Structure formats: structure tokens, C-alpha cells
Trainee: 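Before we start, here is the structure in question, set down as C-alpha cells.
Excluded from the calculations below are hydrogen atoms, water molecules and symmetry mates; all remaining heavy atoms, backbone and side chain alike, are included. Counting begins at 1 with the first residue of the sequence. Predicted model only: the values in this text are computed from it and were never measured.
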Amino acid sequence: MDMSELAERLRREGFNSLFYCIGPGYGRLADGYALDKAGDLFEWFYVERGQKGQVERSFASEDEACRFAYEALAQNKWARSHMVKMFESEREAAELAHALSLEGIHSEIDRIPYGGLDDPRFRVFVYGADVFKIKNPTD
């Protein structure tokens with residue numbers, strides 16, 4: 001597998017490109033993992049605020065690097081996560097999650113302190129290729 005094949009596989013399987021970068025351009029990431037070629041090596045590293053961190057693994061083989069990157073991303077739940085919608089009401093989030101389940105789509109709800117502890121928001125996430133099944137998720 002080469003990097004273009006890996007990038008296409010990740011796209012096809014519904015990985016969220018906000019959490020990874022294959023090839024140049026990792027500066028667009030807020031936080032996530034990247035695989036890029038540096039000289040004769042392929043490097044796997046974490047990006048934070050668009051800045052390249054310490055190289056975690058180096059590979060001489062593009063195929064080995066791509067297989068490692070795929071497995072690493074596949075084990076990371078957030079690499080496949082897609083926020084469908086955010087609500088002020090937990091009830092509304094639960095209603096959407098229920099509607100998604102009726103369509104055979106697994107979802108999860110989390111709670112974040114949006115405007116502080118007394119101002120929570122409830123986010124609904126789907127994973128992987130299920131994101132392609134959703135119609136007008138922000139309506």
C-alpha cells in the first residue's frame with residue numbers, strides 16, 4: 001500500500017480527516033496524527049496546533065508505514081468520529097440518537113461544558129462510514 005492508497009482507504013471507510021494527515025499538509029491539523037515522507041524515510045508523528053511533534057516511528061518501507069498508520073488510526077475511536085449535531089438539550093440529543101438507531105446507525109452522546117459548567121452542550125457522534133448514511137445532519 002502506498003500513501004495515496006492509504007488516504008483513499010481512510011476516506012472510503014469514513015475516517016475523519018480532521019484527525020489525520022497522509023502526506024504533506026499536516027499544518028492544517030489542530031491535533032492529530034500524520035504520516036509523511038522525510039528524505040528516504042516515512043515518519044509517523046503527532047501534530048499539535050499545526051506543529052510537528054517528535055517522530056514516534058520511522059519506516060524505510062512505504063507499505064510498512066502505511067499499514068502501521070492504518071492500524072494506529074483504526075484503534076483510535078476519535079479518528080473515525082463525526083459530530084452530527086450539537087444541542088443545548090439532552091432530550092433533543094437523545095431523540096436524534098434514537099432516530100439514528102432506527103436507521104441502523106450507532107451513535108453516542110457526550111456532554112461538554114460549552115459556556116461553563118452551568119451551560120452544557122450535548123453532542124451526537126457517529127463513526128466511520130455511517131457518516132455517509134446521514135442526510136442533512138446539521139438541519
Trainee: For Gly39 versus Lys37, what's the shortest heavy-atom pair and its separation?
Mentor: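 Looking at all heavy atoms of both residues, the closest pair is O-CE, 3.1 Å.
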
Trainee: Val47 and Leu18: same hydrophobic cluster, using ILVMFWY side-chain contacts below 4.5 Å?
Mentor: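 Different clusters.
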
Trainee: Does Glu64 have any side-chain contact (heavy atoms from CB on, under 4.5 Å) partners at least two apart in sequence or in another chain, and if so, which?
Mentor: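 Once residues adjacent in sequence are excluded, the partners of Glu64 under the side-chain contact (heavy atoms from CB on, under 4.5 Å) criterion are Phe59, Ser61.
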
Trainee: Among all residues two or more places apart in sequence or in another chain, which pass the ring pair (Phe, Tyr, Trp, His ring centres under 6.0 Å) test with Tyr26?
Mentor: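 Only Phe45 meet the ring pair (Phe, Tyr, Trp, His ring centres under 6.0 Å) criterion with Tyr26.
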
Trainee: For Glu95, look at atom CD and say whether over 12 heavy atoms of other residues, nucleotides or ligands are found less than 6.0 Å away.
Mentor: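 Yes - once you tally the heavy atoms of other residues, nucleotides and ligands closer than 6.0 Å, there are more than 12.
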
Trainee: Taking all non-hydrogen atoms of both residues, which atom of Cys21 and which atom of Gly25 are closest, and how far apart?
Mentor: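 That would be SG-C, 3.6 Å.
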
Trainee: Return yes when atom CZ of Arg12 has more than 12 non-hydrogen atoms of other residues, nucleotides or ligands closer than 6.0 Å, and no otherwise.
Mentor: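 Correct, the count exceeds 12.
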
Trainee: Is Ile134 close to Leu100 at the side-chain level, that is, under 4.5 Å between some pair of heavy atoms?
Mentor: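 Yes, their side chains come closer than 4.5 Å.
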
Trainee: Taking side chain as C-beta onward, heavy atoms only, is Tyr33 less than 4.5 Å from Glu56?
Mentor: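 The answer is yes; the side chains approach within 4.5 Å.
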
Trainee: Would you say His82's side chain and Gly14's backbone share a donor-acceptor pair under 3.5 angstrom?
Mentor: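 It does hold such a pair.
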
Trainee: Heavy atoms only: give me the nearest Leu35-Ala69 pair and the separation to one decimal.
Mentor: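 Scanning both residues, the minimum pair turns out to be CD2-CB, 4.0 Å.
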
Trainee: In Å, rounded to the nearest 0.5 Å, how long is the span from OG of Ser17 to CG of Leu29?
Mentor: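 Ser17 OG to Leu29 CG: 8.5 Å, rounded to 0.5 Å.
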
Trainee: Determine whether Cys66 and Phe42 make a side-chain contact, defined as any pair of heavy atoms from C-beta on separated by less than 4.5 Å.
Mentor: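 No; the side chains remain at least 4.5 Å from each other.
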
Trainee: Taking CG in Leu102 as the centre, count heavy atoms belonging to other residues, nucleotides or ligands within less than 6.0 Å. Is the count above 12?
Mentor: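 Yes.
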
Trainee: According to side-chain hydrogen bond (donor to acceptor under 3.5 Å, both in side chains), who are the partners of Asp63, at least two apart in sequence or on a separate chain?
Mentor: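 By the side-chain hydrogen bond (donor to acceptor under 3.5 Å, both in side chains) rule, Asp63 matches Arg67.
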
Trainee: With sequence neighbours excluded, what pairs up with Tyr70 under the ring pair (Phe, Tyr, Trp, His ring centres under 6.0 Å) test?
Mentor: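 Only Phe15 meet the ring pair (Phe, Tyr, Trp, His ring centres under 6.0 Å) criterion with Tyr70.
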
Trainee: Any side-chain heavy atom of Asp36 within less than 4.5 Å of one from Lys52?
Mentor: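 They are not in contact (no side-chain heavy atoms under 4.5 Å apart), so the answer is no.
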
Trainee: Determine whether a donor-acceptor pair (N or O, by modelled atom type, separation under 3.5 Å) exists between the side chain of Glu5 and the backbone of Asp2.
Mentor: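 Between the backbone of Asp2 and the side chain of Glu5 there is a qualifying donor-acceptor contact (under 3.5 Å).
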
Trainee: Do any N or O atoms from the side chain of Glu62 and from the backbone of Met3 form a donor-acceptor pair under 3.5 angstrom?
Mentor: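 Flag set: sc Glu62 to bb Met3 pair under 3.5 Å.
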
Trainee: Could you pull out every donor-acceptor pair under 3.5 Å between side chains of residues 121-129 and any protein atom, sequence neighbours left out?
Mentor:
| unit_1 | atom_1 | unit_2 | atom_2 | d |
| --- | --- | --- | --- | --- |
| Arg121 | NH1 | Asp119 | OD1 | 2.5 |
| Arg123 | NE | Asp110 | OD1 | 2.9 |
| Arg123 | NE | Asp110 | OD2 | 3.4 |
| Arg123 | NH2 | Asp110 | OD2 | 2.5 |
| Tyr127 | OH | Glu108 | OE1 | 3.2 |

Trainee: Say whether Ile112 and Trp78 are linked into one hydrophobic cluster, either directly or through other cluster members, by side-chain heavy-atom distances under 4.5 angstrom.
Mentor: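 Result: yes, single cluster for both.
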
Trainee: Please report the shortest heavy-atom distance between Ser58 and Leu41, naming the atom on each side.
Mentor: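 Nearest pair, atom of Ser58 first, then Leu41: CB-CD1, 4.2 Å.
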
Trainee: Nearest 0.5 Å, what's the CZ-CG distance between Phe68 and Leu6?
Mentor: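 Phe68 CZ to Leu6 CG: 12.0 Å, rounded to 0.5 Å.
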
Trainee: Quick check for you: to the nearest 0.5 Å, what is the distance between Leu73 atom CG and Ile22 atom CD1?
Mentor: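 Going from the CG atom of Leu73 to the CD1 atom of Ile22 covers 6.0 Å.
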
Trainee: Mind checking whether Asn76 and Tyr20 have side chains closer than 4.5 Å, heavy atoms only?
Mentor: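 No, their side chains stay 4.5 Å or more apart.
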
Trainee: Suppose we screen for ring pair (Phe, Tyr, Trp, His ring centres under 6.0 Å). Which residues come up paired with Tyr114, at least two apart in sequence or across chains?
Mentor: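 Counting only residues at least two positions away or on another chain, Tyr114 forms no ring pair (Phe, Tyr, Trp, His ring centres under 6.0 Å).
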
Trainee: Looking only at non-hydrogen atoms, find the nearest pair between Ala97 and Ile109 and report the distance.
Mentor: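 Closest approach of Ala97 to Ile109: CB-CD1, 3.9 Å.
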
